[in-house]
Each structure stands twice: as structure tokens, then as C-alpha cells.
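The sequence lines fix the lettering, A, B, ..., with proteins before strands; numbering per chain opens at 1.
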Amino acid sequence: MPIDAKTAAHVARLARIRVEEERLPALAEEFSAILGFIEQLNEVDVEGVEPMVSVSPMRLKRRPDVVTDGSMPEKILANAPDAREGFFAVPKVVE
Amino acid sequence: MLDLTFDAPKPRVISGATGDWEMVIGMEVHAQVASKAKLFSGASTEFGAEPNSNVSFVDAAMPGMLPVINEFCVEQAVRTGLGLKAKINLKSAFDRKNYFYPDLPQGYQISQLYEPIVGEGEVIVWMGEGVARRVRIERIHIEQDAGKSIHDMDPHMSFVDLNRTGVALMEIVSRPDIRGPEEAAAYVTKLRQILRYLGTCDGNMQNGNLRADVNVSVCRPGDYERYRESGDFSHLGTRCEIKNMNSMRFIQQAIEFEARRQIAILEDGGEVVQETRLFDPDRGETRSMRSKEEAHDYRYFPDPDLLPLEIEQEWVDAIRDSLPELPDEKKARFIAEFGLSDYDASVLTADVESAAYFEDVARGRDGKLAANWVINELFGRLKKDGHDITRSPVSPGQLGGIIDLIRKGDISGKIAKELFEIVYTEGGDPARIVEERGMKQVTDAGAIEAAVDEVIAANPAQVEKARDNPKLAGWFVGQVMKATGGKANPKAVNEIVRKKLDL
């Protein structure tokens, strides 16, 4: 499936990655090459084969409903560019 | 087996300039799981904590942190599914829903798009005696809640609190089977009631623990039936989704407004655009959330941090065996066992606590009398004080005691109400209060006769009138009751008055 520059721009915007206009065609070409490579997998007949989700036969690990974490707002906020009154402060998000 | 025969309610019809229109409504209800810790971290879910204090590094999406699922949350989703008579999927899986927002540090929400834990079920929504809507449930999946953004604390900044981030939600998705604003509110009410019976969600809408997204479209009469017959959605109109409502009143207002908005567009020859809208309660209208449009491409994919969730049939069976009696069954039993009316049974089974209280009072007593006292006196009095049943100062034993005194003929209905007020405000054993304060009804015929004789002797003019107008007997009864401080048995007084006046 070839990716055009418009789709590349859309994907970049969704990922919040800035791509200059002149770089879009090259990026689109790279996307197309990667997808083309992966599409080769479609040639394999996997009819009736359970998808393998893990290399070892493991069961999803569970934990009990017990509070074991939290109560460290200063650590949570330590990397925030801006924090006020215990909140993360970010540029106004308008709805 | 529960008898569930009922008629479907009429859909809500709006007459437009070009003919009649009907509404079609589907709902996505987000119910917060009543767990102590979050879905994938050990941070607390407690409401109202200091900002960012119920946050672990997993919730804050620090690099290298991995999610570990809270088994209790899984159990509550299964329990909810069983309560809605739904199919439980022994294998389900988690997917990432990708979008950017300041209150979503991961940049994705862990949800279950492709393989939800619960499949098809149903909710019976009663709209009156013998009238109900069967709303089909499409699925229930488990997902993470996002954090909270506060926009009004600073003119230039939004403030973000991650305490809610990662709290477990059950998203309960209905089919488009709801046909009017009242039905929509009744559906949420019924769902909330079932969740509270099951104990899987506290149903607190004010705190946002239960909120609804509502999908609304309009169609012409007959179109909906064509959709149900064929399963073909093209018979229905284009829908708009109104996001995140946490009040029954707003849900109804939003649906009403939205349906009329769509009808106006269609009658003007326009087209409804499928979009996400927000209800503004101050203006009573919905408006487009343009910011959501671009972000609609969520690029779901299976979460590589989480293996599929596999559960065992034995575990599901054990949960099924632990289910409580649910509202519809309890209501049917109250009607059959205690001879209650449909209405009284509905009121008493609205929540588990009221139902349990009533059963305690009614056990071994007249069910109807018990229902009257619980609903009219106790609920009325609690409402006046703004209390709910769990804070009733009158215990079921005390209320039962009052009812026993009425049944034995020890007190009249009027005195019983006074007694109730005393027990409500001062406490104490009803029988003892009656004894100590001399509230016992006078049934002794001699004493009543004496009182009647006195009233007759004191009012010769009234006696004359009463011979022409027998209705005046009531006046004498009233006088005697007054003279005895309300303690005389009114029935006995009435008989004696009539006999003495030769009526």
C-alpha cells in the first residue's frame, strides 16, 4: 500500500511529530517501503493458527486489590516543566 | 422463574413541519469499578485526595513502568456481565487507544476494542406497570480512566490532576434500543440500580463514578422497525454523540435538544454531520467539540505490555453463585410474598438498603401495613431531614414494634404517628413509651360510654340537630376523641355515639 505525502503528514500530526513540508515525500517513501516489507508476511497462510502472543507459555500476571503505591506528589511532579499548587500546569486547553 | 411479560412503551414522537419523527438512542455508560486500587497500578482510587497524591509511576507513565492487572477489577466486570445476563468471554485482550491530551500521560488509554471481556446481555427498563423496554447490551469492556483537567483556576493555564488516571472503568455499551429521553434516564437509573445491587460500582454520579455518552439520531416512523428486522443501520439517521454526562436531568435535556436540532437541519434540506458534541447545561444546548474531530483516528493496536486475559469457567461459575438477588427478582418476590402493589414494590426495591430494611420490618407482620409505614412515614420523614435509609434513627425493630402496637389495637393510627415521631427524635422502645406516657388506646366500652354521655349532656342543641342530620355524628366522635386525648378507639366511639343518639 503506497503512502502519499498527505497521509504521511496526517500520521506525523497524529504522532505530534513536526515534519517540514519538503521532507514529506521522502518520509512517505520510507513508510511505503516499510509497509511493503511487512506486507510480505501476508503471503504466509496462517488459516487456523492461533496468534502467538508470548514466546513462553505465561499467564497474565495479576495482583490483589491492595493500595501499595502513591502518596508521592512531589516525585510525580519533579519532572514537570511547570507545577502549581500540586497540579501539573500546562498551556490552556480550550474545549 | 421470573415472569417477564410486558409491553413495549411507545417511542417518543416529535411532529415536525414535514411529518412525524422518532428518536433512536444508544448509550455508552462508564461505570467506575468499586476497587481500592487502580486497574494497572497499586495507587489508591479514593475520591477527593490531594492533587497528584494517588499517582504511581505507572499512572504517570514513567519510562520502564509496566502495568499489572488488578484481579478484583476483572472480577467486578465479570460480575456486572453476569448481572446483565451477558455472555462472559473467557479470553479477552487489551488494546491501546492512542491520542494526546494533557491528562493522559501515556499518550494512550488501555482499553479492550477487539476482544472485550463481556459480550451480549440485556437490561429491562420498566416504564410503568407491565410496560418495559428490553435494551440489548452489546458489550462491556474494561479500560483506564483519564486524569482531570481544570480550566478555571488560571486564565492562561490548565491544571492537571492525575489522581483519576488509571482508575478502572467498565464501559457498558448498549444497542440503539432506547426511544426517548425518559427511557434514556430510566435506562441509566436501572443500570445504576443493578450495579449498586451487585456492588461493582457505587453509582455516584456527582463524583463522576457513573457517566454516560449518548448517541442520538432521528428517523421517520417505521424506519426503526425496518432496522430491527434487517439489522441494517442505513434505515437509521446519522448519529451524533453527546459526551460525558453525569446527571439524569442533563441526559434528558441534551437528547431533547439534540433530536430537535437534527430535525431542524433535516427539514431545512440539510444533512446531519456525524460528530462529537458537548452538552452545555447553562444554555441547555449541545455544541460541536471540534477539537475531537482530528483526534478521531485512534490507531488501536494490541497492547504489547499485556498478555491476553484468560479466565476459567469455574471462576466465572463461582462468581455467578455469589450473585445477590437482583432488582427485578426482588420486586417480583415482594409482590408475591408480601402482597405489595407494583408501585410500592418498585419504591422499596430501588436500593438494596431500603429493601433489606423493609424485609426486616415486614417479616412476620402484615406486608402492606409495613410497606405503608416504611414508604409514607419513614421515607417521608427521612426525606424531610435529607437522610437516606442507612442513617435512619428508627431501626426496623422499632418500626416493627409500632406496627405491632397498632395491630394489637393498643394505639390508634393517629397516636401511632405521634409515637413514631417520638421514637424518631428521642429513640426508645415503642411499647414502653406507650406504657409510660399513657398513650394506650381506650377500648374499655364503659370509659368511652362515659365520655360520650358527657359530650351529649353538654351539647343539647347539637343533639337536636343530629337527629335531623345524622352526618353530625362525626362531630360528636370528634368531641369525644378530643376529650380523651385521641386515645379512644375511634371505631368504638363511633358505634357508641350512633347508639346513644339513636341514629
In terms of heavy-atom pairs under 4.5 Å, which option from B:P308, B:S149, B:G107 contacts chain A the most? B:P308
In terms of heavy-atom pairs under 4.5 Å with chain A, the winner among B:E75, B:H156, B:M153, B:R299 is B:R299
Are more than 12 heavy atoms, taken from residues, nucleotides or ligands other than A:E22, located less than 6.0 Å from that residue's CD atom? yes
Got a list of side-chain donor-acceptor pairs under 3.5 Å for residues 53-65 of chain B, not counting sequence neighbours?
unit_1 : atom_1 : unit_2 : atom_2 : d
B:S53  : OG     : B:E50  : O      : 2.6
B:N54  : ND2    : B:E46  : O      : 3.1
B:S56  : OG     : B:S41  : OG     : 3.4
B:S56  : OG     : B:V58  : N      : 3.1
B:S56  : OG     : B:D59  : N      : 3.3
B:S56  : OG     : B:D59  : OD2    : 3.1
B:D59  : OD1    : B:S41  : OG     : 3.0
B:D59  : OD2    : B:K38  : NZ     : 3.4
B:D59  : OD2    : B:S41  : OG     : 3.0
B:D59  : OD2    : B:S56  : N      : 2.9

Cationic tip of A:R16 above B:F100 ring, under 6.0 Å, 45° of axis: no
Check against ring pair (Phe, Tyr, Trp, His ring centres under 6.0 Å), B:F40 and B:F94: CA-CA 12 Å; B:F40 293 115; B:F94 293 96; 5.5 Å; yes
Using 4.0 Å as the upper bound for N to carboxylate O, is an ion pair formed by [Y] and [X]?
| X | Y | value |
| --- | --- | --- |
| A:E21 | A:R23 | no |
| B:R261 | B:E258 | yes |
| B:K97 | B:D95 | no |

Give, as side chain, backbone, both or neither, the part of [X] having an atom under 4.5 angstrom from any heavy atom of chain A.
| X | result |
| --- | --- |
| B:N163 | neither |
| B:P304 | neither |
| B:P102 | side chain |
| B:S35 | both |
| B:L66 | neither |

Chain B heavy atoms under 4.5 Å from A:E85: which part of the residue, side chain, backbone, both or neither? both
Structural part of A:V53 lying under 4.5 Å from a heavy atom of chain B: both
Contact leader toward chain B among A:M58, A:K92, A:K75, where contacts are heavy-atom pairs under 4.5 Å: A:K92
